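This report concerns only the one structure given below.
We count ligands from 1, going down the list as the structure has it; atoms in each ligand are counted the same way. Fair warning: this is a prediction, and the values are worked out from it, not measured in the lab.
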Amino acid sequence: MRRRLLAALSGAALAISLAACSGEGAGGGGDTSSAKPGDLTIGVSMPTQTSERWIADGNSVKEKLQAKGYKVDLQYAGDDIPTQSQQIDQMITQGADVLVIAPIDGTALSGQLQAAAAAKIPVISYDRLIRNSPNVSFYVSFDNYKVGVAQADALLVGLGLLTKDGAKGTATGPFNVELFAGSLDDNNAGFFFNGAMDTLKPYFDAGTLKVKSGQTKIEQAAILRWQQETAQKRMEDLLTSSYNDGSKVDGVLSPFDGLSRGIITALQNAGYRGGAKMPVVTGQDAEVASVKLINDGVQSSTVFKDTRLLAEQAVIAAEAFLRKEEPKANETKAYDNGVKVVPAFLLPVQTVYKEDIKSVLIDSGYLTEQEVAAGRAG
Ligand code: BGC
């Protein structure tokens, strides 16, 4: 076992040194500050293509880097942890000069990051924080706690307990709500849930909001790998176990449009149909299928995160590292990955209700009117 490990390690070391000598990029350890962009390669590792946002992220990062003349190795891991590890291993052995990584499981990449550090390759954690490693150089993301606050606010606005400008609404409740959270291995899931729960707490304390299932812990609300089908199944189970006495669900806190679509399917199958009966369902990412649902009055809102701006920040950070400089951070306390506090650049988020679709998503060129009408990209 030990011998095999040593052989594997020396194989990796050999591959790293071969790549460094091959002239294919400066190999991270080389002097990238004086290299031409065309001689530098950025490895971009994205989690999955099942959600549009990651396709948009990957494309934006690639296009922006290529426009500046860099070579880009963009890989998607199909939400499979070993695949992502292998893809990153390969980027390292092929001499990537910077790595941009959105992890599937934030805790599963310490080995890869150690190899990157040994080859002096800076690692930018993209949108999701890589945990348990001292070798994360920088983090670019959105303000994830505020995403959760925005989702909770949107739930309250939808229920009429709050107005869009933050004043008290005219509704009094009490309302039945159910809570969903993201994948527990994604560092963002906790930020979203905490932001939302801190915002909803006074309403729970006052009895204005009730979680009839009693499932208020993130472990109970979490959906592994953010899977739509798992969310649909959990919503079905909640309806059967807690709403078979004639009571109704008034709102669902959902942290991602994909989950929201699963939740909506479960609700529709159980007879909730049409604007008046459908509970208030929140979301995130402005995925086109969900924006159509918002336009049609089925989903209540989404939180838009402009992936074009995030890609731009990743490129700015990558170029700083290539110049052997530190990228500029605007958050230096909130993102402790278990080993170190990672300096971060966080972008703001925006809530989109039906009336904001045109001004926020269409006028900015993020989606076209035709795409929204069809509920499909392209
Ligand atoms: C991202 C969200 C996304 C979710 C599921 C999170 O890490 O921040 O934007 O909805 O993953 O893909």
Which atoms from ligand 1 have a heavy atom of [X] less than 4.0 Å away?
X: Phe256; answer: 10 (O)
X: Lys305; answer: 1 (C), 2 (C), 8 (O), 9 (O)
X: Arg128; answer: 4 (C), 5 (C), 6 (C), 7 (O), 11 (O), 12 (O)
X: Arg53; answer: 1 (C), 2 (C), 8 (O), 9 (O)
X: Asp285; answer: 2 (C), 3 (C), 9 (O), 10 (O)

**OP:** Identify, with sequence neighbours excluded, every residue that meets salt bridge (charged side-chain N to carboxylate O under 4.0 Å, His left out) alongside Arg323.
**Re:**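 Expected list: Glu325.
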**OP:** Would you kindly specify which portion of Phe192 sits under 4.0 Å from ligand 1, judged on non-hydrogen atoms: side chain, backbone, both or neither?
**Re:**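 Side chain only; the backbone of Phe192 stays clear of ligand 1.
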Original post:
If you measure from each non-hydrogen atom of Val147 to ligand 1, which part falls under 4.0 Å: side chain, backbone, both or neither?
Top reply: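 Neither part.
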Original post:
So which heavy atom in the protein is nearest atom 6 (C) of ligand 1, and how far is it from that ligand atom?
Top reply: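 Atom 6 (C) of ligand 1 sits closest to the protein heavy atom Asp186 OD2, 3.3 Å.
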Original post:
How far is atom 1 (C) of ligand 1 from its nearest protein heavy atom, and which residue and atom name does that atom have?
Top reply: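 Closest protein heavy atom to atom 1 (C) of ligand 1: Asp127 OD2, 3.2 Å.
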Subject >> Ion pair check, Asp127 and Arg53, cut-off under 4.0 Å >> reply: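 Yes, Asp127 and Arg53 are salt-bridged.
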Subject >> Salt bridge Lys358-Glu369, side-chain N to carboxylate O under 4.0 Å >> reply: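 So Lys358 does not pair with Glu369 through a salt bridge.
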Original post:
To the nearest 0.5 Å, how far apart are CD in Glu178 and CG in Leu238?
Top reply: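 Glu178 atom CD to Leu238 atom CG measures 5.0 Å (nearest 0.5 Å).
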Original post:
Is Lys201 atom NZ crowded by more than 12 heavy atoms from other residues, nucleotides or ligands, each under 6.0 Å away?
Top reply: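 Counting neighbours around NZ of Lys201, 12 or fewer heavy atoms of other residues, nucleotides or ligands fall under 6.0 Å, so no.
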Subject >> Validation row, ring centre Tyr145 to ring centre Phe192 under 6.0 Å >> reply: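 No.
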Subject >> Centroid-centroid under 6.0 Å between Tyr335 and Tyr139 rings >> reply: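 Close enough - the centres of the two rings lie under 6.0 Å apart.
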Original post:
Non-hydrogen atoms of Trp54 versus ligand 1: any pair closer than 4.0 Å?
Top reply: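 Trp54 counts as a contact of ligand 1 under the 4.0 Å cut-off.
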